[in-house]
Amino acid sequence: MDRVIYNGMPANELGADGWRKPWSGGNGGSCVEAKKLNDGRVALRQSTDPHGPALIYTNHEITTFIQGAKAGDADFLLG
């Protein structure tokens, strides 16, 4: 039986392998980790809470977000 992957599930249930920190920096180790799932979706979790909830996004959703951030659409979140 395949495991059901859902938004808000405990991130550790997605396994320990494959998590990456594409947005880490000089923030004391607190960063967003991302994992590409086998079905093309992307999971995000807080690195300081690896057992906490994972946010699950479709490929379209994460692509739209990244493109929008690159275009400055999320600049209101800064500062």
Side-chain angles (χ1 to χ4, degrees):
M1 177 165 92
D2 290 332
R3 177 179 355 139
V4 175
I5 296 176
Y6 59 93
N7 200 30
M9 71 183 296
N12 61 308
E13 290 183 15
L14 295 169
D17 295 333
W19 291 98
R20 297 179 61 183
K21 298 178 182 180
W23 301 288
S24 64
N27 56 10
S30 177
C31 48
V32 174
E33 293 181 318
K35 179 176 182 165
K36 185 88 173 199
L37 303 175
N38 290 337
D39 64 3
R41 292 183 293 171
V42 173
L44 299 179
R45 72 178 182 186
Q46 173 57 274
S47 65
T48 58
D49 189 13
H51 300 287
L55 299 177
I56 310 296
Y57 296 95
T58 65
N59 185 272
H60 175 72
E61 289 169 332
I62 203 74
T63 297
T64 301
F65 173 78
I66 291 171
Q67 288 174 342
K70 286 181 175 182
D73 295 344
D75 286 356
F76 71 94
L77 296 170
L78 302 175

Of all heavy-atom pairs linking R45 and P50, the shortest is NH1-O, 3.5 Å
Contacts satisfying side chain to side chain donor-acceptor pair (under 3.5 Å) that involve residues 70-79 (not counting sequence neighbours) are none
dist R41:CZ -> N59:CG (nearest 0.5 Å) comes out at 11.5 Å
What one should report as the nearest heavy-atom pair of G8 and P53 is O-CB, 3.7 Å
Tell me, do N7 and L55 make a side-chain contact under 4.5 Å, heavy atoms counted? yes
Applying side-chain hydrogen bond (donor to acceptor under 3.5 Å, both in side chains) to D17 and not counting sequence neighbours gives none
Rounded to the nearest 0.5 Å, the CD1 atom of I56 sits from the CD1 atom of I5 at a distance of 6.5 Å
Is atom CG of D39 surrounded by more than 12 heavy atoms (other residues, nucleotides or ligands) closer than 6.0 Å?
yes
### Message
I'd like to know if the side chain of S47 reaches the main chain of E33, judged simply by a donor and an acceptor atom lying under 3.5 Å from each other, with no hydrogens or angles considered.
### Response
no
Smallest heavy-atom separation, K35 atom then G15 atom, equals NZ-O, 3.7 Å
Should L14 and R3 count as side-chain neighbours, where that means a heavy-atom distance under 4.5 Å? yes
Between H60 and the options I62, T58, T63, the side chain to side chain contact (heavy atoms under 4.5 Å, CB included) test singles out T58
